[in-house]
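Working notes for the structure below.
So that the names make sense, note that chain A is the first sequence line, chain B the second, and so on, each numbered from 1. Values below: all heavy atoms of this structure, side chains included; hydrogens, waters and symmetry mates excluded.
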Amino acid sequence: MRNETMSSIERVQCAMNLEKPDRVPIWPDITTASAANVLGEKIWEIAHLGFDASQDVELKLFDEFGGWDAVNPALTDEVFTLGGNKVIKATKNSPETQFIEGEYTKYEDYEIIAEIGWMNFVKEHLISRVSDIKNEEEYNKKYDEVINGTLRGISEYQKRGAFVLYAQPNNHPFFTLSLARSMVKFTEDLYYRPEMVERALIKMTDEFIEFGAMLCEVSGIRIAKIIEERAGGAIYPLRIFEKYWWPYTRKIVDAFHSQGIFMTFHLDTCWDKNLPYFKQLPRKSAMVELDGTTDIFAAKEILRNHMCIASDIHPALMSLGTPEEVAAYCKRLIDEVGGDGGHILSTACGLPAAAKRENFRAMIETGKTYELSK
Amino acid sequence: MKLLIIAGFLGSGKTTVLLHVARNFVSHAQEVIVIENEIGEIGIDGQYLNLHGLEVQELFGGCVCCTLSVNLIETIDKICSSRRPDWIILEATGAARPIDITGNLHRLQTKIDHIQVAIVVDAGRYEMLMDMMNPLMTTQIESADVVIINKIDRVDAEKANQIAEDINQLNSKIPTFKMSADKENTLDGLLEFLV
Ligand SMILES: Nc1nc2c(ncn2[C@@H]2O[C@H](COP(=O)(O)OP(=O)(O)OP(=O)(O)O)[C@@H](O)[C@H]2O)c(=O)[nH]1
Ligand SMILES: [Mg+2]
């Protein structure tokens, strides 16, 4: 191991501030499924045991590998369910959470969402369409379990000296509506009658800001995470992005920035064409997490000295590749994306459930030992 | 062993096309295994195909864009460790780009002789999707070996021809087949092409 001169917290802060740390900060972005797999445990049993059980598996992996720098509390199926998604828990045959897309909302629902907000809409209407939660009391009970579990997760990681990146993520309003209505229907709505969709987006954006700030307050973690899998340039043309995604996003980032809240973007699919827009956000106000389909080396050129990048070791590499291949890619990332700081070594879209133990080890060890050369 | 990937947007008619194609192969004494990538209501397509006597494996994936290809490789390797069908037919979700699905097939332990990608487009929604989701539609079509213009009963003949022309503007070499997959006997040309 190299001589470390920084704590994990200093190291991650340094990367976010676009400065050069002693070595690359590591955030493997594990999930309970991937942690269980690396540890040789059974996710389909753990996933039914509640939040704390998931969190404990993730902590066990952290401890077994001597820890790493950046972490996030367990992101359990319940977090997604409570957000209004239809999910199916892992089973022996399918050791990963399944997201089931469908037309769970009707056009008229946009009006209700614009009136009462997304969270109330989920509680009062959507939750019974996508889960077996029957009433508000049950909803609130699960909600409390998630919040309490998250707070415990944060505190356990803080005891271990790790930098907690965020409390829990939230889907972008655009992505939320697309998932709940189904991609084709949502797109049709934007094409034929966008007015109500826009009203819902406006309401949800304000709510996102309010809820995000509240979560930061409760958790003490002043970073908010937003997930978007669909608005990127590989799926929608820039004019759709410019109209229905970017203004809402800017509003959210500006509001958070003025409150001292940092933002991290989980951006799936290829964002090559969209990344130049991110330079309009205040410098050091946010970070982007790329998923291996965006050209991360081109992204570095665009965002250099403006925004930190969490990198993108691809799930195929982590699960089907060899430790040598993983180490070689990590070194390339450290050299080319992280040489001057502004880089957190991470996995694309999270560590996959099928990641091999030896590949995981290769990632962590390369991160801890490979020198920042440039 | 050959792999046929049938991709296309939600509800474009992939399962309907797949059923015809697979039944035809089976009637010509070919062993076929279907892989269903479920994105809609769980298992429905799989159960439907099962009812028609087809052997179906489900392909699970947490995230369309990144873990799909990994799980596909594992599923194909698993199938092939016990047998070697003549055809594997995969129905893939509409949000996927074929490249995200096939991008890692070189990591397969099993050798595949031939991979074909068929994209199903819904004629009735073509114009809207081409306008609204142009990048995804375009990459899907550009990376396809064949495009099936389905549900032509929903548009007039002129419109159907226009769609075919439009597709050939994007990819002049690509064969297109117009059909109403839920009617019988509309796939003769397609089958010849695939075999
Ligand atoms: N009018 C018309 N309807 C069709 C045609 N082909 C399929 N359908 C109908 O379209 C609907 C969707 O067909 P599927 O074959 O399930 O489409 P899919 O692409 O497999 O759908 P997902 O798996 O849900 O994405 C069904 O109700 C079919 O009966 C067609 O040629 N014309
Ligand atoms: Mg189908």
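Interatomic distance, CG of L129(B) versus OH of Y191(A), reported as 9.5 Å (0.5 Å rounding). To the nearest 0.5 Å, the span separating OG1 on T187(A) from CG on L136(B) amounts to 9.5 Å.
Using a 4.5 Å cut-off between heavy atoms, I240(A) touches chain B through its side chain atoms alone. Within the 4.5 angstrom heavy-atom criterion, atoms from both the backbone and the side chain of D131(B) approach chain A. Contact of S319(A) with chain B is made through the side chain alone, with heavy-atom distances under 4.5 Å.
Scanning both residues, G233(A) and P135(B), for their nearest heavy atoms gives O-CB, 3.1 Å. For the pair L10(B) and S182(A), the tightest heavy-atom approach, listed with the atom from each and the gap, is CD2-CB, 3.8 Å. Of all the heavy atoms in L190(A) and M132(B), the pair that sits closest is CB-CE, 3.5 Å. The shortest heavy-atom contact between E74(B) and A354(A) is OE2-CB, 3.6 Å.
Not a single side chain to side chain contact (heavy atoms under 4.5 Å, CB included) links K78(B) to another residue, sequence neighbours left out.
In terms of heavy-atom pairs under 4.5 Å with chain B, the best-connected choice from E325(A), E103(A), M318(A) is E325(A).
The number of heavy-atom neighbours closer than 6.0 Å to NZ of K273(A), taken from other residues, nucleotides and ligands shown, is 12 or below.
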